Amino acid sequence: MPANFKKIVQEIPAHVSHLFDKGRVADYIPALACIPADKFGFSLLTATGDRFETGDCQERFSIQSISKVFTLSLAMGYAKEELWSRVGREPSGSKFNSLVQLEYEKGKPRNPFINAGSIVVCDVLVSHLKNPRQALLDYMRVLSGSFDIDFDEVVAKSEAETGFINKALANFLKGNGNLENDVEEVLDLYFHQCSIAISCHELASASLHLANHGNSNTLKESVLTPSQVKRVNSLMLTCGLYDAVGEFAFRVGLPAKSGVGGGIIGILPGEYSVAVWSPGLDPSGNSLAGGAALEYLTTITSKSVF
Ligand code: GLU
């Protein structure tokens with residue numbers, strides 16, 4: 001029997017609201033510290049185009065590391081196989097901004113979703129595109145169908161002023177020959193990708209191609225090939241939730257990517273894309289109520305990739 005998404009999605013806030021004040025809003029990026037912890041948005045878009053959403057699903061928030069999925073998808077079109085000689089495909093088992101791991105592994109980041117890996121992906125885009133910032137924005141706008149999506153310059157500036165560890169990672173990559181371009185130029189793209197302001201409604205649209213064999217509902221041509229979709233989804237499943245990826249697979253069972261802005265996108269291949277936002281984070285850096293909402297969804301529908 002098909003899942004009654006309408007009823008399930010309406011029930012979700014009541015199931016997770018007790019967690020809103022149990023998480024911790026990211027405050028290491030000063031511009032994010034003031035976001036109210038009781039915000040909650042949820043949007044599910046089926047491959048057949050039906051939409052089920054609730055709460056603050058139209059309110060924009062900071063995409064943060066969820067952007068790494070989209071820069072990777074964009075870069076896959078340019079770097080092809082050689083990308084994988086510069087970035088690995090294994091879970092990191094370490095903090096998302098670990099310098100120790102990068103040094104130990106001689107400047108080759110474990111995967112494209114830890115900060116160092118995403119900085120290398122940004123380097124690929126800087127090498128291939130005249131205006132990579134604009135190209136990324138255009139990509140997000142077309143995929144989401146929202147042409148006023150933009151960078152939040154306050155967040156980008158806040159990260160540029162305080163992102164000392166990201167600067168260290170980029171310099172370390174450069175020192176090890178794994179960055180072709182100027183460190184500042186690459187970091188400018190990295191800080192801007194993380195600053196994109198986007199809603200759950202828009203994120204569910206932007207991710208739909210990952211649930212729909214590479215086809216979005218906003219474009220005639222495919223966004224990614226089925227093989228590229230397989231790769232992005234497998235990386236989300238194994239590397240998308242910081243150092244809690246096993247726990248998330250155990251509880252939720254979907255390829256997913258989180259960000260410290262409190263957003264998570266999830267994909268049930270062939271069925272739906274889903275985006276949830278709740279700013280309070282668990283100790284791993286994943287949205288506490290967001291993870292619980294996705295766990296409720298996959299449990300009550302008895303559907304996950306497993
Ligand atoms: N802009 C954040 C950083 O580089 C991204 C963190 C995240 O969402 O994982 O620290």
Side-chain angles (χ1 to χ4, degrees), residues 23-35 39 60-72 87 91-102 109-123 125 133 136 140 151-173 179 183-184 186-198 200 203 206-207 235-236 238-245 248 256-266 275-288 290-291:
R24 185 170 166 190
V25 177
D27 53 7
Y28 79 101
I29 300 171
L32 298 185
C34 55
I35 310 293
K39 294 282 179 190
R60 288 180 174 161
F61 60 95
S62 198
I63 192 171
Q64 290 299 320
S65 277
I66 300 172
S67 62
K68 292 169 180 169
V69 174
F70 298 99
T71 39
L72 173 66
V87 185
S92 72
S94 301
K95 264 197 90 184
F96 67 102
N97 58 3
S98 172
L99 273 161
V100 173
Q101 185 173 65
L102 191 63
R110 270 288 172 96
N111 68 63
F113 295 153
I114 54 173
N115 287 13
S118 189
I119 291 169
V120 171
V121 169
C122 284
D123 186 55
L125 294 177
R133 261 163 66 168
L136 175 61
M140 297 306 295
F151 301 119
D152 181 333
E153 290 295 344
V154 174
V155 174
K157 186 163 176 280
S158 179
E159 286 213 59
E161 285 170 358
T162 58
F164 301 107
I165 298 177
N166 287 324
K167 291 178 191 184
L169 290 168
N171 278 293
F172 194 81
L173 289 164
L179 220 59
V183 166
E184 290 304 321
V186 176
L187 283 174
D188 178 69
L189 178 61
Y190 176 77
F191 291 138
H192 275 86
Q193 76 167 41
C194 293
S195 83
I196 291 173
I198 195 162
C200 288
L203 266 177
S207 319
L235 286 164
M236 287 207 283
T238 54
C239 312
L241 281 297
Y242 305 114
D243 207 9
V245 76
F248 192 89
K257 181 75 196 88
S258 59
V260 295
I264 308 178
I265 57 170
V276 60
W277 173 48
S278 173
L281 308 179
D282 66 19
S284 303
N286 296 311
S287 171
L288 186 63

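Nothing here was measured: the structure is a model prediction, and the numbers come from that model. Read the numbers this way: they start at 1 and go in the same order the structure lists the ligands and their atoms.
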Between C122 and Q193, which heavy-atom pair has the shortest distance, and what is it?
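Closest approach of C122 to Q193, heavy atoms only: SG-OE1, 3.3 Å.
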
Using every non-hydrogen atom in the two residues, find where K257 and F113 come nearest and quote the distance to one decimal.
CE-CB, 3.8 Å

Output, in order, the C-alpha distance, side-chain angles, deciding distance and verdict of side chain to side chain donor-acceptor pair (under 3.5 Å) for H192 and E159.
CA-CA 9 Å; H192 275 86; E159 286 213 59; over 6 Å; no

Ligand 1: which residues have a non-hydrogen atom closer than 4.0 Å?
Y28, I29, Q64, S65, F96, N115, E159, N166, Y190, C194, Y242, G259, V260

Begin with the C-alpha distance, continue with both residues' side-chain angles, and end with the deciding distance and a verdict on side chain to side chain donor-acceptor pair (under 3.5 Å) for N115 and N166.
CA-CA 7 Å; N115 287 13; N166 287 324; 2.8 Å; yes

Does NZ in K167 sit with more than 12 non-hydrogen atoms of other residues, nucleotides or ligands closer than 6.0 Å?
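Yes.
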
Within 6.0 angstrom of I35 CD1, more than 12 heavy atoms from elsewhere:
yes

